[in-house]
Asks: 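Quick one: the structure is below, questions incoming.
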Amino acid sequence: DYPVAAVEFEILRNDYPTSERVDDAWFMQGMCYVEQVPRVELDQSTTRQAVQHFVRYLREYPSGRHKAEAEEELKKLNRHLDQKELDAALLYQKMGRWEAAAVTVGALLEMRPDSELRPEMLLLAGDANRRRVAWDEARQAYRTFLRDYPDHERAGEARKGLERIDGRAPGGEGS
């Protein structure tokens, strides 16, 4: 029963702040939140709570016993949240709502420039901006992709996007 366990770990931390187990209680409380993280399609309030908890743990215990584990969990949680936002942008793309796709992925790129999903974000930004005829933004996304990920398996898609814009190849203008 993870919600109850999370409360119990918080009680331990509050009632026994000088205990040698406080570091463990902080970490285990965060793991209780991790166990409650929902599928990416659902509301991510619990995921955000877990992120906030591990950020605070790392700030309070910068050399804590669970530092490496907490950093790893934080990385996974952030990737999960990034996937949620990317999926929303991809849904807009699928619906042909290019402006919404471009705005959503643009905000994600700005908020999470170090995301593991950055290559996919850049390609979507290029495609969405190309389709809404925002040539400069599309070029910038494709070029950034090629500069940062020249050997990526999807680099050909970025090159093709640039060719469509610069050569106005079929599918270039507004498609």
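The model shown is predicted, which means the values in this text are computed figures rather than measured ones. Computed from heavy atoms alone, side chains included, the values below leave out hydrogens, waters and symmetry copies.
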Asks: Kindly determine whether Y57 and Q29 satisfy side chain to side chain contact (heavy atoms under 4.5 Å, CB included), including the steps that lead there.
Replies: CA-CA 10 Å; Y57 169 82; Q29 184 179 4; over 6 Å; no
Asks: For side chain to side chain contact (heavy atoms under 4.5 Å, CB included), just list the numbers for D148 and R118, CA-CA rounded to whole Å, side-chain angles, deciding distance to a tenth of an Å, and then say yes or no.
Replies: CA-CA 10 Å; D148 295 349; R118 189 166 179 263; 2.6 Å; yes
Asks: Between D23 and R21 (salt bridge meaning N to carboxylate O under 4.0 Å), is one present in this structure?
Replies: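 No salt bridge links D23 with R21.
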Asks: What orientation do H53 and Y33 show, parallel under 30°, tilted 30 to 60°, or perpendicular over 60°?
Replies: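 The arrangement is perpendicular - the two ring planes meet at more than 60°.
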Asks: Provide the closest heavy-atom pair for R132 versus A102 in the form atom of the first, atom of the second, distance.
Replies: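 For R132 and A102, the tightest heavy-atom pair comes out as NE-CB, 3.5 Å.
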Asks: Taking 4.0 angstrom as the limit, do D136 and R139 come out as a salt bridge?
Replies: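 So D136 pairs with R139 through a salt bridge.
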Asks: Just how far is it from atom CG of D127 to atom OH of Y142, taken to the nearest 0.5 Å?
Replies: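 With rounding to 0.5 Å, CG (D127) is 3.5 Å from OH (Y142).
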Asks: When rounded to the nearest 0.5 angstrom, what distance separates CG in L124 from CD in E157?
Replies: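 L124 atom CG to E157 atom CD measures 11.0 Å (nearest 0.5 Å).
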Asks: What is the ring orientation for H152 with F145, classed by angle as parallel under 30°, tilted 30 to 60°, or perpendicular over 60°?
Replies: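 Judged by the thresholds at 30° and 60°, the geometry between H152 and F145 is perpendicular.
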Asks: As a quick check of understanding, evaluate side chain to side chain contact (heavy atoms under 4.5 Å, CB included) for V7 and V4, giving each step before the final call.
Replies: CA-CA 5 Å; V7 170; V4 173; 5.7 Å; no
Asks: Does some side-chain heavy atom of H66 sit less than 4.5 Å from a side-chain heavy atom of M28?
Replies: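 Heavy-atom side-chain distance check fails, nothing below 4.5 Å.
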Asks: Quick one: pull up CZ in R143 and CD1 in I165 and give me the separation to the nearest 0.5 Å.
Replies: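 Going from CZ on R143 over to CD1 on I165, the span is 8.5 Å.
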